[in-house]
Amino acid sequence: MPSSDFVVRGQRVVTPGSVQAASIYVHRGRVVAVRPFDDVPQGCKVVEAGESVVLPGLVDSHVHVNEPGRTRWEGFKTATRAAARGGTTTIVDMPLNSVPPTTTLEGFRQKLGAARGQCRVDVAFWGGVVPGNLQQLAPLHAAGVVGFKCFLIPSGVEEFPPVTENELRPSMFELARLGVPLIVHAELPGPVEHALAACCAGETGGDPRCYETFLRSRPREAEDEAVALMIGLCRETGARAHIVHHSSADALPLLREAKREGLPLSAETCPHYLAFAAEGIADGATEFKCCPPVRERENQERLWEALREGTISMVVSDHSPCPPEMKRRQEGDFLKAWGGISSLQFRLAVVWTEARRRGFALEDLARWLAHEPARLAGLDLRKGSIAPGRDADLVFFDPEAAFVVAPEINEHRHKLTPYDGQTLSGVVEATYLRGEKIYERGHFSERPTGRLLKRGDEGKISDVFDDVESFED
Ligand SMILES: [Zn+2]
């Protein structure tokens, strides 16, 4: 019998592929065994989950923390509190919106310096591919980023410019050589420029307060053509590619075909594309603005179908907040407002609220919100499932309870979110990080104990600061 410091047991423990009554043996912060419910070593301390569901700590591979440089927008302290309260025990930070961006070794060094000591959950990092930084990719990889992100259309911040197909190609050959994924904001500028010109000349005069105007300015073709481009580059270079925040259902046949062909290509979508529909967005409600946009109800149901069949493999937040004034809520101008939705804390509840009424199960949540994002970021040997060898990251979850989203419970730096006032199903009661309780019913542990994770050889995950030599030039 493996030795354990304590056992967590419950009637509904979500392990890969099943929900069962089980005892989870925890030793030195790791799961060392999952045994039958009654199989508890004599004298061993037991934490009873009772009727609560025990989920693996969730992994969110798409979070814009914005620190350093735009800490007024969000920051490691607030973002990781929100994560812990929402049942997310690992986030992967995006390389942009922070200043400097994580596109150079120096940028990564500054990011780590900013994050250190502030995090309540574990944090890993994406690097960025921008024009001219090909030589930085190998050093950034050696320093521990889990992969790289690029944009095919302007990102909204000038220090993180998009790449053209010809700029991207050599970077993808390099990433294939390094064996790390490329994650892509897949919209092409051509269709957007064209649509914007057309809709501003249209009959409505392109009223910028009207959601319809914004929706028409970011047409599905922009995504569809970008996905086609990425499939071609994926086939040509052999690099592992992943489409972030996928919204256009019209590109799903392409993704299905790529999967059938066996290409190393995957896709994610976000809670807002699954929970909201364009038809329900009021004029001037700029808190709903994101790129690509929330589309029509018909589109939304096809995204759910894609999740059901696995064409879309995960749901991540794309938490991308800003100071409320940048949302220009007073004017309600969709074209000028910052594009980004604040939702890190609410991902689990939003997805569960929508998923349960479509007949999905708790295992689906664990796969979409924990296991698959961990796998994308190469963290799955340590994160994303309740199984021997993984970190004892656990969430006690009441799937039958409900709560109302309100500023008092919102841990993000800014409280503006399109979910405000909504009643959501599923309450996180407690969150454990590496065997330690970091959150319970509105209360947090005294100190932040999150680690900054580095991806090493053969999927080995370690703390960045265990190996500072990699930062010496
Ligand atoms: Zn994003």
Side-chain angles (χ1 to χ4, degrees), residues 59-67 69-70 73-76 79 82-83 88 90-99 101-103 111 123-130 145-163 181-188 192 218 222-223 226-227 230 241-248 266-276 286-295 303 312 314-322 326-327 337-347 350 369 372-373 376-377 412-414 416-418:
V59 178
D60 195 333
S61 55
H62 196 149
V63 179
H64 297 266
V65 178
N66 304 331
E67 184 173 2
R70 286 198 181 89
W73 295 22
E74 186 59 284
F76 286 102
T88 295
T90 305
I91 63 171
V92 190
D93 171 60
M94 281 291 163
L96 73 154
N97 298 356
S98 56
V99 183
T102 317
T103 50
K111 173 92 75 169
V123 181
F125 301 88
W126 295 109
V129 169
V130 291
V145 300
V146 297
F148 292 85
K149 184 183 198 187
C150 75
F151 274 70
L152 302 176
I153 192 167
S155 69
V157 293
E158 63 187 22
E159 67 277 0
F160 199 99
V163 285
L182 175 76
I183 65 173
V184 186
H185 181 120
E187 285 181 291
L188 286 184
V192 171
R218 306 291 289 215
E223 286 191 76
V227 167
M230 289 316 302
H242 175 79
I243 309 295
V244 294
H245 50 53
H246 189 72
S247 171
S248 168
S266 56
E268 70 190 30
T269 193
C270 307
H272 36 276
Y273 302 123
L274 298 169
F276 300 132
T286 50
E287 63 273 26
F288 288 87
K289 178 179 175 178
C290 59
C291 296
V294 169
R295 302 189 188 279
L303 293 178
I312 294 175
M314 66 190 85
V315 187
V316 293
S317 69
D318 191 13
H319 176 65
S320 185
C322 64
M326 288 181 67
K327 277 294 197 181
W338 172 257
I341 283 180
S342 174
S343 64
L344 171 57
Q345 185 179 329
F346 305 116
R347 179 176 60 134
V350 171
L369 307 182
E372 288 295 331
L376 171 68
H412 303 132
R413 168 146 298 166
H414 301 292
L416 185 64
T417 167

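Bear in mind the structure is a predicted one, so any value in this text is a computation, not a measurement. Every number for a ligand or one of its atoms is a count from 1 in the order of the listing. Residue numbers run from 1 in the order of the sequence given.
Between Val92 and Val146, the closest side-chain pair of non-hydrogen atoms falls below 4.5 Å. Residues Ile341 and Pro418 meet the side-chain proximity criterion, which asks for heavy atoms closer than 4.5 Å.
The distance from the Zn ion (ligand 1) to the nearest N/O/S atom of His185 is not under 2.8 Å.
Summary: NE2 is the N/O/S atom of His62 found nearest to the Zn ion (ligand 1). The name of the N, O or S atom in Asp318 nearest to the Zn ion (ligand 1) is OD1.
Checked for salt-bridge contact, Arg70 and Glu159 meet the test: a charged N lies under 4.0 Å from a carboxylate O.
Using modelled atom types, one finds a donor on one side chain and an acceptor on the other under 3.5 Å when comparing Glu268 with His242.
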